[in-house]
Amino acid sequence: MKRSIHTEVVHQNKKDTESIRSKATPIFQTSVFQFKTLEDLEGHYEGDGSYLYTRNGNPNTDELGQAIAKLEGAEDGVATSSGISAILAGILAVVQNGDHILAAEDLYGGTYHLLGHELKNFGIQVTFADFTEIESLQSHVHSNTKLIYSESITNPFLRVEKIAELVNFAKKNELMTMIDNTFATPILLNPIELGVDLVAHSATKYIGGHSDVSAGVLVGRKELVDKARQKVVGLGSNLSPFEAWLTMRGSKTMALRVEKQAANAKELANALVESELVEKVYYPQNELPKGNGAIVTVTLQQKVNMSVFFSALDWIKIVPSLAGVETTVSYPIATSHRALPKEAKEKLGITQHVVRISVGIEELFDIVQQFTKAIEQAAGKSV
Ligand SMILES: *Cc1c(COP(=O)(O)O)cnc(C)c1O
């Protein structure tokens with residue numbers, strides 16, 4: 001049948017992608033999938049594994065979810081639009097209106113807000129507690145408590161969570177556990193192997209690794225991830241195919257990046273301990289078997305002028321995030337912890353002189369030299 005230009009322009013020859021042996025996974029940049037026959041359509045609903053609509057599932061997002069699940073030793077995983085939406089989906093897979101969550105008090109700011117404000121508005125109760133003494137948590141467990149929530153390495157002072165102890169405590173009390181493993185990465189720690197039920201990642205950070213994408217991943221047992229996936233579909237917090245593809249591409253170098261970044265971080269921490277202009281260095285000492293991550297936090301001496309310090313860092317830029325391949329610094333008092341009340345900042349030790357360093361993959365010597373120079377310059381020493 002001859003078709004008009006208006007029809008032709010819409011139905012131009014479409015490549016048959018099945019016969020193309022692309023080495024890289026193609027980007028399935030489509031909002032929906034097509035069916036040739038009614039039987040094919042019926043097949044989808046009968047569970048033949050075919051795709052229907054990208055919010056419900058897409059090959060690129062599935063590839064990412066399953067790849068991280070594999071690295072974490074989990075049965076299944078789902079990719080989401082951000083770290084926060086992965087956390088939300090995981091929590092909603094376990095708790096509902098009227099339930100109670102026991103959470104660590106030193107959580108990532110966005111998670112603190114999600115739990116303390118957004119979820120509270122939906123009738124989910126949350127207690128934030130000091131998790132340094134696990135046994136002391138017993139008084140916070142109530143009949144409606146369902147979930148214990150924490151992070152494997154906290155921000156900005158890098159407390160390493162006692163996950164095995166936390167899992168024991170949770171099991172004793174018949175509670176679920178969920179861990180945000182963003183700072184430790186699937187390379188350095190696998191909380192699932194320690195008995196944790198759900199693990200969330202901000203893939204925006206080390207999994208993506210290049211500061212060019214916002215994404216999240218949640219992994220765990222299949223039945224829990226299925227429930228979380230239903231939340232992602234129902235709430236519309238799915239990741240786009242292109243972002244999933246970018247994140248997957250970044251993830252292939254994660255082991256190399258994270259190993260190098262963690263090795264650099266350890267040596268930078270050692271070098272900064274030696275400086276008389278550094279009051280305190282926060283870096284976990286041999287707490288994780290495979291390395292302690294790539295974030296180093298320092299409190300500089302009072303006499304260091306912070307404006308001069310940040311300007312003198314030259315190629316090390318102020319970036320209020322972390323985990324890219326470049327070394328960057330953030331200033332918690334002005335960014336991540338800005339909204340905290342004055343007393344809370346004081347209790348946590350967030351002062352004008354605290355700097356969080358996200359260590360990159362550059363040459364260690366250059367990184368150390370740049371920090372040493374900037375600190376000395378900002379303390380009025382001639383360099
Ligand atoms: C960045 C971050 C999040 C939030 O992730 P987004 O991708 O920004 O939504 C959650 N937890 C930790 C530890 C983070 O660093």
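We count ligands from 1, going down the list as the structure has it; atoms in each ligand are counted the same way.
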Determine, for Glu8 against Arg3, whether the closest basic-nitrogen to carboxylate-oxygen distance falls under 4.0 angstrom. yes

side-chain contact (heavy atoms from CB on, under 4.5 Å) partner of His140, chosen from Thr145, Ile148, Thr127: Thr127

In the protein, which heavy atom is nearest to atom 14 (C) of ligand 1, and how far is it? Lys205 NZ, 3.0 Å

Quick test: of every protein heavy atom, which one is nearest to atom 5 (O) of ligand 1, and how far off is it to 0.1 Å? Ser202 OG, 2.9 Å

Looking only at side chains, do Gln285 and Asn292 share a donor and an acceptor under 3.5 Å apart? no

What is the nearest protein non-hydrogen atom to atom 4 (C) of ligand 1, stated with its residue, atom name and distance? Tyr108 CE2, 3.4 Å

In ligand 1, which numbered atoms sit nearer than 4.0 Å to a non-hydrogen atom of Phe183? 13 (C), 15 (O)

Can you tell me which residue and heavy atom of the protein come closest to atom 11 (N) of ligand 1, and the distance to 0.1 Å? Asp180 OD2, 2.6 Å

Donor-acceptor pair between Ser85 and Thr80 side chains, under 3.5 angstrom: yes

Between Gln29 and Asn60, is any side-chain donor less than 3.5 angstrom from a side-chain acceptor? no

May I ask you to establish whether Lys317 and Tyr331 are in a cation-pi arrangement, using a distance under 6.0 Å from NZ or CZ to the six-membered ring centre and at most 45° from the ring axis? no

With only distance considered, is Ile87 within less than 3.5 Å of ligand 1 through an N or O on each side? no

Below 3.5 Å, N or O to N or O, backbone or side chain included: is there any such pair between Ile84 and ligand 1? yes

Tell me the contacting part of Thr204 for ligand 1: side chain, backbone, both, or neither, using a 4.0 Å heavy-atom threshold, strictly below. side chain

Test item: Phe310 and Val355 side chains (from C-beta on) under 4.5 Å apart, heavy atoms: yes

Of all protein heavy atoms, the one nearest atom 6 (P) of ligand 1 is Gly83 N, 3.3 Å

